[in-house]
**Student:** 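My questions all concern the structure below.
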Amino acid sequence: MKALTYHGAGHHRWGDVPTPVVRDPQDAVIRVDAVTICGTDLHILKGDVPEVESGRVLGHEAVGTVSEVGPGVRDFAAGDRVLVSCISSCGRCRNCRTGAYGQCSGGGGWVLGHLIDGTQAEYVRVPFADTSLYRLPDAVGDEQALMLADILPTSYEVGVRNGHVGPGDTVVVVGAGPIGLAAITTARLFTPSRIIAVDPSSARREAAKAFGADVVLDLPEATLDTLSALTADGQAAHVAIEAVGVPESVELCTRLVRAGGHVANVGVHGRPATLHLEDLWIRDLTITTGLVDTTSTPLLLDLLAEGRLGTEGMITHRFGLDEMPTAYDVFSRAGETGALKVALFRR
């Protein structure tokens, strides 16, 4: 089969690799019908994730059809249409039993496209199929479902939920790429009084408006004084969500929240960031990080099926699966191409 493989920082290749087979009783092999590229994949290609070995098939988001299941799989059968989540869960370890699937110590967690071969291929082997796949209702199309593989649950859990967004809050989202737009979308579920998006790209600021941001700011405009002037009580944001993954955006978030506020880091970082504790220690800030657990995926899937969660406009570019190199080029040059999310489909 064809797949996109990693070959060290700056190098990837679309070519022939062995078709995956069932190895363990809980495995399922999925025919990939739709797949996307994540900003994390770009971090991998930059060398920011050293655990990824040369030759690894990348990708951790897909929608597909079950091709084969192992003898230990009870809930899925060949022909089922499923969402392949970015997180795999053994369902038995201590972390999984408390819902911390992203920290699975039984062989799961973020393994697809990281520690085992991933989804940017014609077929993918998914471990722990019963606890790692989601059956898709007919009302949810492939393109919609792709947004539930990673960006919506990640933004909701690591950004909105960890940030304790609540009714009446002022929320600032730094970074209006796909993760930032998903954070805006899911923050709106909690009726904040105002959502402010910060991004240097005019195209992404316009996208943020379309997804529900009340105010958009360029980077030079994102100051404490500006934020304070936009709130009813003049005290800046209750919550700042970092959706970029660079040191400067973390530091900016800590400057834009009020005393007692929350900074929720969602971005994937490849360089150290400085926390200015000489300024922050007295402000009662809560700073959270996290890897998504995907505990919210069933809820978000229900909202999507009922038309309560919009994903229209997130995918800006569409390709055939065999156009993977072109899709990577377009996605990696988002500032020039205007790409948000790209989607690739089996033809």
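For the single chain, residues carry numbers from 1 onward in sequence order. Keep in mind that what you see is a predicted model, and the values were worked out from it rather than measured.
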**Student:** Under the side-chain contact (heavy atoms from CB on, under 4.5 Å) rule, what do Val292 and Cys86 come out as? Steps first, then yes or no, please.
**Tutor:** CA-CA 9 Å; Val292 65; Cys86 62; 3.7 Å; yes

**Student:** Report, one line per pair, each donor and acceptor closer than 3.5 Å where one atom sits in a side chain of residues 334-347; sequence neighbours left out.
**Tutor:**
unit_1	atom_1	unit_2	atom_2	d
Glu336	OE1	Arg333	NH1	3.0
Thr337	OG1	Val330	O	2.9
Thr337	OG1	Arg333	O	3.1
Thr337	OG1	Ala339	N	3.3
Lys341	NZ	Ile37	O	3.0
Lys341	NZ	Glu61	OE1	3.4
Arg346	NE	Val32	O	3.0
Arg346	NH2	Glu122	O	2.7
Arg347	NH1	Glu323	OE1	3.3

**Student:** Does the side chain of Ile196 come within less than 4.5 Å of Leu217's, by heavy atoms?
**Tutor:** yes

**Student:** Tell me whether the count of non-hydrogen atoms from other residues, nucleotides or ligands lying under 6.0 Å of CZ in Arg283 goes above 12.
**Tutor:** yes

**Student:** Show your working on salt bridge (charged side-chain N to carboxylate O under 4.0 Å, His left out) between Asp80 and Arg135 and close with a plain yes or no.
**Tutor:** CA-CA 7 Å; Asp80 287 343; Arg135 184 174 284 103; 3.0 Å; yes

**Student:** Quick check on the hydrophobic clustering: are Ile241 and Leu280 connected, directly or via other members, by side-chain heavy-atom contacts under 4.5 Å?
**Tutor:** no

**Student:** Under a 3.5 Å cutoff, is there a donor and acceptor pairing between the side chains of Thr288 and Arg161?
**Tutor:** no

**Student:** Side chains of Asp33 and Arg81: closer than 4.5 Å at any heavy-atom pair?
**Tutor:** no

**Student:** Is there a donor-acceptor pair under 3.5 Å between the side chain of Thr294 and the backbone N or O of Thr297?
**Tutor:** no

**Student:** Side chain of His262, backbone of Val239: donor and acceptor closer than 3.5 Å?
**Tutor:** no

**Student:** Hey, is CD on Glu53 packed in by over 12 heavy atoms from elsewhere, all under 6.0 Å?
**Tutor:** no

**Student:** Could you give the distance from CG (Leu300) to CG (Leu152), rounded to the nearest 0.5 Å?
**Tutor:** 6.0 Å

**Student:** If we ignore angles and hydrogens, is there a donor and acceptor under 3.5 Å between the side chains of Thr5 and Arg13?
**Tutor:** no

**Student:** Just verifying a value: how many Å separate Cys253 SG and Glu248 CD, rounded to the nearest 0.5 Å?
**Tutor:** 12.0 Å

**Student:** Quick check: is Leu304 connected to Val82 through a chain of hydrophobic side chains (ILVMFWY, heavy atoms under 4.5 Å apart)?
**Tutor:** yes

**Student:** Within the distance-only criterion (no hydrogens, no angle test), does the side chain of Glu242 pair as donor or acceptor with the backbone N or O of Val244 below 3.5 angstrom?
**Tutor:** yes

**Student:** Are Leu285 and Val165 linked, directly or through other ILVMFWY residues, by side chains that come within less than 4.5 angstrom of each other?
**Tutor:** no

**Student:** So, do Leu301 and Leu136 sit near enough that their side-chain heavy atoms are less than 4.5 Å apart?
**Tutor:** yes

**Student:** Tell me whether the centres of the aromatic rings in His12 and Tyr328 are closer together than 6.0 Å.
**Tutor:** yes

**Student:** Do the charged groups of Arg205 and Asp218 touch, with an N to O distance under 4.0 Å?
**Tutor:** yes

**Student:** Hey, is Asp117 close enough to Arg125 for a salt bridge, meaning N to O under 4.0 Å?
**Tutor:** no

**Student:** Sub-3.5 Å donor-acceptor pair from the side chain of Asp169 to the main-chain atoms of Gly166, do we have one?
**Tutor:** yes

**Student:** Do Leu230 and Val171 sit in the same hydrophobic cluster, where Ile, Leu, Val, Met, Phe, Trp and Tyr count as joined when their side-chain heavy atoms come under 4.5 Å apart?
**Tutor:** no

**Student:** Surrounding CG of Asp233 (heavy atoms of other residues, nucleotides or ligands, distance under 6.0 Å), is the total greater than 12?
**Tutor:** yes

**Student:** Once rounded to the nearest 0.5 Å, what's the spacing between atom CG of Leu303 and atom OG1 of Thr311?
**Tutor:** 12.0 Å

**Student:** Would you sort out whether Thr289 and Asn265 count as a side-chain hydrogen bond (donor to acceptor under 3.5 Å, both in side chains), showing the intermediate values?
**Tutor:** CA-CA 5 Å; Thr289 66; Asn265 179 86; over 6 Å; no

**Student:** Sequence neighbours left out, what passes side-chain contact (heavy atoms from CB on, under 4.5 Å) with Ser228? Give chain and number order.
**Tutor:** Leu224, Ala236

**Student:** Under a 3.5 Å threshold, yes or no: a donor from one side chain and an acceptor from the other, between Asp41 and Gln120?
**Tutor:** yes

**Student:** Between Phe190 and Tyr156, what is the ring plane arrangement, given parallel below 30°, perpendicular above 60°, and tilted in between?
**Tutor:** parallel

**Student:** Taking Ser296 for its side chain and Leu299 for its backbone only, find out whether a donor-acceptor pair lies under 3.5 Å.
**Tutor:** no

